[in-house]
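Worksheet for the structure shown next.
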Amino acid sequence: MDYFLQQLINGVTLGSIYGLIAIGYTMVYGIIGMINFAHGDIFMVGSFVALILIVALGITAATPVLLLILALALVLVVAMALTAVWGWTVERIAYRPLRGSFRLAPLITAIGASIALQNFVQVSQGAKNKPLQPLFSGSFQLTDGGADGSGFIVNLSYIQILIVVTTVILMGGFTYLINNTNLGRSQRACEQDRKMASLLGVNVDRTISLTFVMGASLASVAGLMFLLYYGVVDFYIGFLAGVKAFTAAVLGGIGSLPGAMLGGLLIGLIETFWSGYFSVEYKDVAAFSILAIVLIFMPEGLLGQPEVEKV
């Protein structure tokens with residue numbers, strides 16, 4: 001039971017990171033009906049920006065706690081700003097000029113943007129893994145392994161708490177933004193009918209651009225959390241994490257924010273439990289198999305809404 005609890009904690013932490021990335025996919029798809037395949041690489045850029053800033057500021061585990069928190073907050077703000085620029089650029093160059101074209105055209109340009117970002121980071125930062133020394137080393141010991149000490153010790157690390165709490169706060173904030181602000185109403189109007197929203201005074205281009213910016217900012221948060229949790233990044237993590245997050249968005253129901261987070265948690269839990277109890281080499285097979293089974297019986301995903309065509 002202790003081992004199960006530890007894998008549950010690990011799975012929720014990993015799933016939170018996937019969920020943050022998946023929200024960007026589902027927001028863009030909900031408005032323009034297309035998948036931004038460069039989104040995973042924006043996550044990768046965010047992690048590299050965070051790493052460069054942490055090294056430049058000289059942040060280490062020996063940094064006083066208050067100063068460490070303030071420095072990481074500064075790193076997060078700068079990383080979000082820079083990745084937001086990347087997200088806006090991708091929308092402006094790869095999507096907006098081709099919005100009225102056939103559906104395959106922006107998909108191809110998004111893949112091209114993804115490859116360009118990968119190669120830019122590979123050339124500028126090198127192809128080797130970039131490590132980071134742990135900044136948070138403490139943890140709460142939930143179980144002590146039994147009276148004789150032979151059982152499994154369950155630990156809940158500070159960084160795991162930080163990741164889950166950050167994810168919950170951001171999820172709540174974005175839910176409020178979508179449901180209770182002018183921007184959120186504009187986004188929902190564009191999701192239903194962009195042409196009618198434009199006729200009613202909604203600035204569709206601005207709304208779509210801000211959606212890309214918001215998704216990219218969330219990806220940078222996930223990039224920082226990934227860096228702090230795993231302590232290593234490379235130029236290829238965007239592709240792998242992007243595929244997993246896209247899978248999470250589809251599993252939860254593409255276009256649904258709660259569905260994206262639920263899908264991320266499920267993918268994280270499936271990967272973690274499969275790696276813990278079976279073979280780590282087949283964790284991706286398990287995740288995609290579950291996705292296929294769910295889509296066979298629920299084509300719209302777990303929380304997705306059936307698409308209604310107007311006659």
Q: Test Thr181 against Tyr176 for side-chain contact (heavy atoms from CB on, under 4.5 Å), laying out the working first.
A: CA-CA 8 Å; Thr181 65; Tyr176 177 83; 4.3 Å; yes

**Q.** salt bridge (charged side-chain N to carboxylate O under 4.0 Å, His left out) contacts touching residues 44-61 (sequence neighbours left out)
**A.**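 Found none.
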
Distance from [X] atom [atom1] to [Y] atom [atom2], nearest 0.5 Å?
X      : Y      : atom1 : atom2 : answer
Ile270 : Ser275 : CD1   : OG    : 11.5 Å
Gln118 : Ile237 : CD    : CD1   : 10.5 Å
Lys130 : Asp234 : NZ    : CG    : 8.5 Å
Leu132 : Leu51  : CG    : CG    : 6.0 Å
Leu98  : Leu104 : CG    : CG    : 10.5 Å
Phe43  : Thr83  : CZ    : OG1   : 11.5 Å

For residues [X] and [Y], determine if any side-chain heavy atom of one lies less than 4.5 Å from a side-chain heavy atom of the other.
X      : Y      : value
Met80  : Leu224 : no
Leu20  : Phe174 : no
Leu156 : Ser139 : no
Asn36  : Glu91  : no
Ile254 : Ile35  : yes
Met171 : Thr175 : yes
Ile153 : Asp2   : no

According to a 4.5 Å side-chain heavy-atom criterion applied to Ile, Leu, Val, Met, Phe, Trp and Tyr, with indirect links allowed, do [X] and [Y] form part of one hydrophobic cluster?
X      : Y      : answer
Leu8   : Val280 : no
Val213 : Val77  : no
Phe4   : Leu142 : yes
Tyr236 : Ile17  : yes
Leu228 : Ile59  : yes

Hey, is the main chain of [Y] close enough, under 3.5 Å, to the side chain of [X] for a donor-acceptor pair?
X      : Y      : answer
Thr211 : Thr207 : yes
Ser47  : Met44  : yes
Ser220 : Gly46  : no
Thr26  : Ser256 : yes
His39  : Ile21  : yes
Ser124 : Phe120 : yes
Ser114 : Ala110 : no

Q: Show your working on side-chain contact (heavy atoms from CB on, under 4.5 Å) between Leu162 and Ile159 and close with a plain yes or no.
A: CA-CA 5 Å; Leu162 175 64; Ile159 184 59; 3.8 Å; yes

Counting only heavy atoms not in [X], do more than 12 sit closer than 6.0 Å to its [atom1] atom?
X      : atom1 : result
Gln122 : CD    : yes
Met298 : CE    : yes
Tyr158 : OH    : yes

Q | Phe273 ring center within less than 6.0 Å of Phe278 ring center | A |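 So the answer is no for these two rings.
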
To check you understand the geometry: which heavy-atom pair defines the closest contact between [X] and [Y], and what is its length?
X      : Y      : result
Ile42  : Ala216 : CG2-CB, 3.8 Å
Leu117 : Ala38  : CD1-O, 4.3 Å
Leu76  : Val221 : CD1-CG2, 3.7 Å
Ser186 : Val202 : CB-CG1, 3.8 Å
Ile178 : Gln187 : CD1-OE1, 2.8 Å
Val232 : Phe226 : O-CE2, 3.6 Å

**Q.** Criterion ring-ring contact (aromatic ring centres under 6.0 Å, His included) against Phe212, the qualifying member of Tyr25, Trp88, Tyr95
**A.**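 It is Tyr95; the other options fail the test.
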
Pick one: which of [options] meets side-chain contact (heavy atoms from CB on, under 4.5 Å) with [X]?
X      : options                       : result
Met225 : Val164, Thr13, Thr167, Ile163 : Ile163
Ile54  : Val49, Leu135, Thr60          : Leu135
Leu72  : Ile69, Leu74, Leu70, Leu68    : Leu68

Q. After noting the C-alpha distance and the side-chain angles of Leu302 and Leu266, does the key distance pass the side-chain contact (heavy atoms from CB on, under 4.5 Å) rule?
A. CA-CA 11 Å; Leu302 295 174; Leu266 289 176; 3.3 Å; yes

Just checking, is any N or O donor in the side chain of [X] or [Y] under 3.5 Å from an acceptor N or O on the other one?
X     : Y      : value
Gln6  : Asn10  : yes
Arg96 : Ser209 : yes
Tyr18 : Glu271 : yes

